[in-house]
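Scope of the values below: all heavy atoms of this structure, side chains included, with no hydrogens, waters or symmetry mates.
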Amino acid sequence: MKTGKEAAKAFKEKKTNKVNMCLFECQEIYPTLHLYPSAWSQWNNAKKKHTSLKHIPIGAPIYLRGGNFGHVVLYVGNGHVRSTDAGGRGVMATVPLEWFEKAWGYIPVGWSEDLGGKD
């Protein structure tokens with residue numbers, strides 16, 4: 001299993017992604033089990049949730065409310081996240097966390113210490 005910093009580094013190096021598969025891509029980078037069908041269901045089942053968006057550790061998954069399935073990204077530091085499809089369909093990009101509300105209408109709800117059933 002990767003540390004948060006290792007996962008963030010690996011995610012930053014990844015250029016493309018499976019379209020609309022944010023949770024899958026985050027779980028593959030660590031790797032963890034694929035227990036839930038969507039980012040929103042992963043958030044709802046996370047055991048160690050934090051709703052404050054302050055002091056987020058590098059590599060933590062951050063969950064956003066929006067669309068039918070929500071969205072999950074990895075925190076890479078300095079207020080930025082690495083996200084699937086943020087650079088266009090199938091293209092990874094590093095963007096400020098605030099980007100999602102302006103671009104997609106998605107609202108950050110929090111982050112978790114666990115992903116796919118693992119801390």
Side-chain angles (χ1 to χ4, degrees):
M1 178 173 238
K2 291 180 173 69
T3 66
K5 287 184 180 180
E6 291 169 337
K9 182 180 184 292
F11 221 46
K12 284 167 68 175
E13 292 170 355
K14 190 169 173 51
K15 304 296 182 210
T16 62
N17 60 265
K18 292 183 179 190
V19 176
N20 296 325
M21 297 292 286
C22 59
L23 179 60
F24 175 87
E25 296 287 357
C26 288
Q27 290 173 322
E28 288 292 300
I29 208 73
Y30 265 104
T32 66
L33 299 173
H34 298 271
L35 298 176
Y36 305 104
S38 69
W40 197 245
S41 60
Q42 171 64 53
W43 169 250
N44 287 331
N45 287 285
K47 304 291 186 247
K48 298 180 179 179
K49 295 181 193 179
H50 301 270
T51 55
S52 171
L53 296 174
K54 296 180 182 177
H55 311 294
I56 303 169
I58 291 177
I62 300 175
Y63 300 87
L64 299 103
R65 182 181 65 241
N68 292 326
F69 306 107
H71 191 58
V72 61
V73 299
L74 290 186
Y75 187 68
V76 295
N78 297 321
H80 286 75
V81 297
R82 187 75 173 170
S83 175
T84 59
D85 300 326
R89 285 181 58 84
V91 181
M92 301 285 296
T94 300
V95 295
L97 185 56
E98 298 80 26
W99 180 88
F100 296 95
E101 187 171 0
K102 294 173 187 168
W104 295 353
Y106 286 26
I107 308 295
V109 295
W111 61 276
S112 69
E113 295 179 47
D114 57 311
L115 180 69
K118 293 185 180 181
D119 289 348

So, does [X] use its side chain to make a donor-acceptor pair with the main chain of [Y] at under 3.5 Å?
X: K49; Y: W43; value: yes
X: W40; Y: Y63; value: no
X: Q27; Y: T32; value: no
X: D114; Y: K48; value: yes

Next on the checklist: Other residues, nucleotides and ligands only: do more than 12 of their heavy atoms fall within 6.0 Å of NZ on K14?
Outcome noted: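 Result for NZ/K14: enclosed.
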Give, for atom [atom1] of [X] and atom [atom2] of [Y], the distance between the pair rounded to the nearest 0.5 Å.
X: E25; Y: T16; atom1: CD; atom2: OG1; value: 7.5 Å
X: L33; Y: L115; atom1: CG; atom2: CG; value: 9.5 Å
X: K118; Y: K47; atom1: NZ; atom2: NZ; value: 15.5 Å
X: N20; Y: T84; atom1: CG; atom2: OG1; value: 8.0 Å
X: L53; Y: T51; atom1: CG; atom2: OG1; value: 8.0 Å

Within the 4.5 Å heavy-atom criterion, are [X] and [Y] side-chain neighbours or not?
X: F69; Y: C22; result: no
X: V95; Y: V81; result: yes
X: V73; Y: Y106; result: no
X: K18; Y: F24; result: yes
X: H80; Y: W99; result: no

Next on the checklist: One pair to check against side-chain contact (heavy atoms from CB on, under 4.5 Å): L74 and Y30. What are the steps and the verdict?
Outcome noted: CA-CA 11 Å; L74 290 186; Y30 265 104; 4.2 Å; yes
Group every Ile, Leu, Val, Met, Phe, Trp and Tyr by side-chain heavy-atom contacts under 4.5 Å, then state whether [X] and [Y] land in the same group.
X: M21; Y: Y36; answer: no
X: L23; Y: L97; answer: no
X: I56; Y: L64; answer: yes
X: V72; Y: I29; answer: yes

Checklist entry - Any idea how F100 and H71 line up, ring-wise: parallel (<30°), tilted (30 to 60°), or perpendicular (>60°)? => result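 Ring orientation of F100 relative to H71: tilted.
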